[in-house]
Engineer: 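Before anything else, here's the structure in question.
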Amino acid sequence: MNDNKINENEDDKAAKPSNFIREIIDRDLEEGKNDSRVHTRFPPEPNGWLHIGHAKSICLNYGLARDYGGKFNLRFDDTNPLKEESSYVESIKKDVEWLGAKWEDRLFFASDYFEQLYEWAVKLIKDGKAYVDDLSADEIREYRGTLTEPGKNSPHRDRSVEENLELFEKMKDGDFPDGSRVLRAKIDMASGNINLRDPVMYRIKHAEHHRTGGKWCVYPSYDWAHGQSDSIEGITHSICTLEFEDHRPLYDWFLDNLGVHHPQQIEFARLNLNYMIMSKRKLLQLVQEGYVSGWDDPRMPTVAGLRRRGYSPESIREFCERIGVAKRESVVDIALLEHTLREDLNKRALRMMAVLRPLKVVIENYPEDKVEEVEAINNPEDQSAGTRMIPFSREIYIERGDFLEDPPKKFFRLAPGREVRLKHAYFITCKEVIKDGSGEVIELRCTYDPETRGGSAPDGRRVKGTLHWVSVPHAVDVEVRLFDRLFNNEDPAEGGDFLKNINPDSLETLTECKVEPGLKDAKPGEYYQFLRKGYFVVDSEDSTPDQPVFNRSVGLRDTWAKIQKKGKKK
RNA sequence: UGGGGUGUCGUCAAGUGGUAAGACACGAGCCUUUGGAGCUCGCAUCGCAGGUUCGAAUCCUGCCACCCCAGCCA
């Protein structure tokens, strides 16, 4: 194994994934830029809940600050009072914290800087670099030109500094109606980059802001607020997504013309996952139109949805680590997300037995009123998790799918005349199949071999299958929710209307599942593995103290299903 | 002849002139009181075409493809 230490070191190095952003930071550090500080930030707009794509950004920004011994800020980009709410601020704070990113005492709001922003705008006006425009929104659009044709100057572009100052102040004071005027930066109406064609810095909105109330009648645009907020906070590396690439010249222009600390904007490709949508607008629509139960519906790609679904913060962080950071647009396979969850939970989830679709089995040669306790291992991956005792009796439930009257080849489970092992208990052999009037199997009569207690035969004979089970008189009834992908298409937008691709069977609720008694006291948020079935978490919303509801987070790798699928294809 | 980006395995993603990491997925096998987990093995010549070089995914030239931008959204 360790016959070559040099190779081991190289492996360690390879384990720390390099990416273009780290290279930029390494170079900046070498050059002593920013006094060798690294300071990042996560700047959400409080107009919706965070999703897995935001988690990537959070892990990236926080991870960089952590690894380089720097700082990380949480800053709400709250410049549009019409779309923002403090309820979103609360959900976002909760999610960022849950993901493990620590902003310490650096929780900020762009609205904290409205005063400073206003003063800087006045400075630009005085410098002849900004002006008040009376054109309507439609006119501004017309004057802007097109992608291939240059724009033309607004007739108000050359107003005097005095007039601009006076008008801007009146805008601020609320003397003009919404939409009647804007403050624009005076840059270049002929620029090939449309963002430089005199971008709007302030618009009039007589609106109540979630933090500043009715104090302001003008609100800064994203471009005007963002870079300056970064500068004020001493951010060194301002990381954002690709679509802001052509905003960078404007980001730089404002900072250069103000002569203030100049962070470097760096763009990376946002996360896309197949079978999922990441658009806040579309997610909002799913919520508002009732396609899901809310932002935290376990089928949602939101951080809250994933949390409720049973994803651990560790698994999400690991996922974000593994997908890497680059500039090329990509679509990550959802299988990787599921893999990181299984990988994490495999190590720590307690194993329990739960029968989702019960079929009663009567063990004919087992004494009527006998009950014995069998020892079960809590987690084969973790000896320290210990063992527990579970009751075994004459009548038990097994999974309906674990019995087939006419089993195909390679079906290792129970069938007439066949012997299988009941996990931790005994070998049983199916002797008789009992059906109802319609021919449905309603009960199995079996015999057990008392010599096989614990699950192995003294004579050394082996069985192919091992089934999970729950003792009938001791079973606890619980509700279990099984989730499937919310969309049928890898690309939910395929065909133009994502709503048409919604999977109508994305939620299946099972109400009479039988679980072992120890699960009665399961607490919300606890992770479990139901043997042979998957990972489940106690739902945090609908569980009651004595009635847990379980959500299936992800199934176990299912080789049997794969074999069946292959058989069908042939 | 608008501007800005990107093209390495099915999917992500390293590689920065010295002869294609890793992960997921997939396939084969071992092992197994979860058909789980684990283990072993297999799996690309780098968008295309030229060129430079002893040697190119890496440099040059020319193509091609895809993505973003015309909100007083972020």
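So you know, we letter chains A, B, ... as the sequences are listed, proteins then strands, and number each from 1.
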Engineer: Starting at the 5' end of RNA chain B and moving along, which residue's nearest nucleotide shows up first, A:Arg141 or A:Glu45?
Structural biologist: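 Between the two, 5'-proximity favours A:Arg141.
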Engineer: Regarding A:Arg322 and A:Glu318, does a basic nitrogen lie under 4.0 Å from an acidic carboxylate oxygen?
Structural biologist: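 Result for this pair is yes, salt bridge flagged.
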Engineer: Check this for me: A:Arg453, atom CZ, are more than 12 non-hydrogen atoms of other residues, nucleotides or ligands nearer than 6.0 Å?
Structural biologist: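 For A:Arg453, atom CZ is crowded (more than 12 foreign heavy atoms under 6.0 Å).
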Engineer: From C-beta outward on A:Glu381, which listed nucleotide comes closest to its side chain: B:C24, B:G36, B:A74?
Structural biologist: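 The answer is B:G36.
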Engineer: Which of these passes salt bridge (charged side-chain N to carboxylate O under 4.0 Å, His left out) with A:Glu419: A:Arg413, A:Arg461, A:Lys464?
Structural biologist: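 So the option named by the test is A:Arg461.
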Engineer: With the side chain of A:Val200 defined as its heavy atoms from C-beta on, choose the nearest nucleotide among B:G2, B:U16, B:C72.
Structural biologist: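 Within the option list, the nearest is B:C72.
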Engineer: Could you check which nucleotide pairs with B:G17 in any of the strands shown, counting Watson-Crick or G-U wobble with both distances under 3.5 Å?
Structural biologist: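 Result: none.
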Engineer: Just verifying a value: how many Å separate A:Glu84 CD and A:Asp78 CG, rounded to the nearest 0.5 Å?
Structural biologist: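 Here the interatomic distance stands at 5.5 Å.
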Engineer: Between B:C72 and A:Ser136, is there an OP1 or OP2 to side-chain N/O distance shorter than 4.0 Å?
Structural biologist: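 Answer is no, no contact under 4.0 Å.
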Engineer: I'd like the P distance from B:A13 over to B:C31, given in whole Å.
Structural biologist: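 To the nearest whole Å, 38 Å.
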Engineer: If you assign each of A:Arg322 and A:Arg532 to its closest nucleotide in RNA chain B, which residue comes earlier from the 5' end?
Structural biologist: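 Nearer the 5' end of the strand: A:Arg322.
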Engineer: Counting only Watson-Crick or G-U wobble pairs whose two distances fall under 3.5 Å, which nucleotide matches B:C72?
Structural biologist: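 For B:C72, the partner nucleotide comes out as none, under the 3.5 Å rule.
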Engineer: Atom CG in A:Leu345, atom CG in A:Leu350: separation rounded to 0.5 Å?
Structural biologist: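 Going from CG on A:Leu345 over to CG on A:Leu350, the span is 11.0 Å.
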Engineer: Please determine, for the side chain of A:Leu147, which listed nucleotide (B:A70, B:C24, B:C12) has the closest atom?
Structural biologist: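 Closest of the options to the side chain of A:Leu147: B:A70.
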Engineer: Could you check whether A:Trp560 and the base of B:G35 form a stacked pair, meaning centres closer than 5.5 Å and planes differing by less than 30°?
Structural biologist: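 A:Trp560 vs B:G35: stacking yes.
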Engineer: Would you mind calling B:G18 syn or anti? Take O4'-C1'-N9-C4 for purines or O4'-C1'-N1-C2 for pyrimidines, and syn is within 90° of 0.
Structural biologist: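 Classified anti.
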Engineer: Protein-nucleotides 6-8 of chain B N/O pairs closer than 3.5 Å?
Structural biologist:
| residue | atom | partner | partner atom | Å |
| --- | --- | --- | --- | --- |
| B:U8 | O4 | A:Arg328 | NH2 | 3.2 |

Engineer: If only side-chain N and O atoms of A:Arg203 are considered, is one of them under 4.0 Å from the OP1 or OP2 phosphate oxygen of B:A74?
Structural biologist: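 It does, given that an N or O in the side chain of A:Arg203 lies less than 4.0 Å from OP1 or OP2 of B:A74.
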Engineer: At 4.0 Å (heavy atoms only), tell me whether A:Phe411 reaches a base, stays on the sugar-phosphate, or touches nothing.
Structural biologist: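 Result for A:Phe411 = base.
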Engineer: Nearest 0.5 Å please: distance from the CG atom of A:Leu356 over to the CD atom of A:Glu399.
Structural biologist: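 Those atoms lie 5.5 Å apart.
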Engineer: Kindly point out which of B:A37, B:U34, B:A25 is positioned nearest to the side chain of A:Asn346?
Structural biologist: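 Nearest listed nucleotide: B:A37.
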Engineer: Does a nitrogen or oxygen in the side chain of A:Thr79 sit under 4.0 Å from OP1 or OP2 of B:A74?
Structural biologist: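 Yes.
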Engineer: Does the structure show a Watson-Crick or G-U wobble partner for B:C43, both distances under 3.5 Å? Name it, or say none.
Structural biologist: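 Its partner: none found.
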Engineer: Compare the minimum distances between each of B:U16, B:G2, B:G71 and the side chain of A:Arg144, then state the nucleotide with the smallest one.
Structural biologist: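 The closest nucleotide is B:G71.
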Engineer: Counting side-chain heavy atoms from C-beta on, which of B:A74, B:G4, B:U11 comes nearest to A:Glu243?
Structural biologist: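 For the A:Glu243 side chain, the nearest candidate turns out to be B:A74.
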Engineer: Between A:Lys280 and B:C73, is there a contact of a side-chain N or O with OP1 or OP2 at under 4.0 Å?
Structural biologist: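 Checking A:Lys280 against B:C73: no side-chain N or O falls below 4.0 Å of OP1 or OP2.
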Engineer: Centres of the A:Phe268 and A:Phe20 rings: under 6.0 Å?
Structural biologist: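 Here the rings of A:Phe20 and A:Phe268 have centres that are no less than 6.0 Å from each other.
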Engineer: Are OP1 or OP2 of B:U34 and a side-chain N or O of A:His468 less than 4.0 angstrom apart?
Structural biologist: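 For B:U34, OP1/OP2 do not have a side-chain N/O of A:His468 under 4.0 Å.
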Engineer: Is the distance from the ring center of A:Tyr426 to that of A:Tyr448 below 6.0 Å?
Structural biologist: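 Aromatic pair counts; centres sit under 6.0 Å.
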Engineer: Which one is paired to B:U53, where only Watson-Crick or G-U wobble pairs with both distances under 3.5 angstrom count?
Structural biologist: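 Pairing partner, where one exists within any strand: none, as none qualifies.
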Engineer: With rounding to the closest Å, how many angstrom separate the C1' atoms on B:U19 and B:A56?
Structural biologist: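 9 Å, rounded to whole Å.
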Engineer: Among residues 49-58 of chain A, which ones have heavy-atom contacts with RNA chain B below 4.0 Å?
Structural biologist: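 Residues of residues 49-58 of chain A that come under 4.0 Å of RNA chain B do not exist, since none gets that close.
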Engineer: Enter the distance from A:Met352:CE to A:His468:NE2 here, rounded to the nearest 0.5 Å.
Structural biologist: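 Separation between the atoms: 14.0 Å.
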Engineer: Using the C1' atoms only, state how far B:C66 lies from B:G55, rounded to an integer number of Å.
Structural biologist: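 These two C1' atoms come out 32 Å apart once rounded.
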Engineer: With both distances under 3.5 angstrom, what nucleotide forms a Watson-Crick or G-U wobble pair with B:G22?
Structural biologist: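 With both distances under 3.5 Å, B:G22 matches B:C12.
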Engineer: Expressed in whole Å, how much space separates the C1' atoms belonging to B:G15 and B:A44?
Structural biologist: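 One C1' to the other, the span is 14 Å.
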Engineer: C1' atom, B:U58 versus B:U45: distance in rounded Å?
Structural biologist: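 One C1' to the other, the span is 13 Å.
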Engineer: If you check the A:Pro380 side chain, which of B:A13, B:G27, B:U34 turns out closest?
Structural biologist: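 For the A:Pro380 side chain, the nearest candidate turns out to be B:U34.
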Engineer: Which of the following nucleotides, B:C72, B:C68, B:U11, is nearest to the side chain of A:Ile140?
Structural biologist: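 My answer, after comparing the listed nucleotides, is B:C72.
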Engineer: With respect to the side chain of A:Thr559, which nucleotide from B:G35, B:A37, B:C68 is positioned closest?
Structural biologist: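 Nucleotide nearest to A:Thr559's side chain: B:G35.
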Engineer: Would you measure the distance from the P atom in B:C64 across to the matching atom in B:A49 and give it in whole Å?
Structural biologist: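 That atom pair is separated by 15 Å.
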Engineer: A:Ile194 and side chain to side chain contact (heavy atoms under 4.5 Å, CB included): which partner among A:Leu147, A:Asp246, A:Leu250?
Structural biologist: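 The option that passes is A:Leu147.
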Engineer: Which nucleotide wins on minimum distance to the side chain of A:Arg351, given the candidates B:C69, B:G36, B:C73?
Structural biologist: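 Nearest to the side chain of A:Arg351 among the choices is B:G36.
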Engineer: Restricting to ring pair (Phe, Tyr, Trp, His ring centres under 6.0 Å), what partner residues turn up for A:Phe244, sequence neighbours left out?
Structural biologist: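 A:Phe244 satisfies ring pair (Phe, Tyr, Trp, His ring centres under 6.0 Å) with A:Tyr222, A:His247 only.
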Engineer: Go through A:Asp112 and A:Arg211 one step at a time and tell me if the salt bridge (Lys or Arg N to Asp or Glu O under 4.0 Å) criterion holds.
Structural biologist: CA-CA 9 Å; A:Asp112 293 340; A:Arg211 299 194 84 232; 2.8 Å; yes
Engineer: OP1 or OP2 of B:A74 sitting under 4.0 Å from any side-chain N/O of A:Ser221?
Structural biologist: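 Checking A:Ser221 against B:A74: no side-chain N or O falls below 4.0 Å of OP1 or OP2.
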Engineer: Between A:Phe168 and A:Tyr118, does the ring centroid distance fall short of 6.0 Å?
Structural biologist: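 They qualify: ring centres under 6.0 Å apart.
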Engineer: So, does A:Lys205 get its side chain near the phosphate of B:C73, meaning an N or O under 4.0 Å from OP1 or OP2?
Structural biologist: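 Checking B:C73 against A:Lys205, a side-chain N or O does come within under 4.0 Å of OP1 or OP2.
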Engineer: State the pairing partner of B:U1; accept Watson-Crick or G-U wobble contacts with both distances under 3.5 Å, and report none otherwise.
Structural biologist: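 Base partner found: none.
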Engineer: Both distances below 3.5 Å, Watson-Crick or wobble geometry, any strand: find the nucleotide opposite B:U6.
Structural biologist: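 Its partner is B:A65 (Watson-Crick or G-U wobble, both distances under 3.5 Å).
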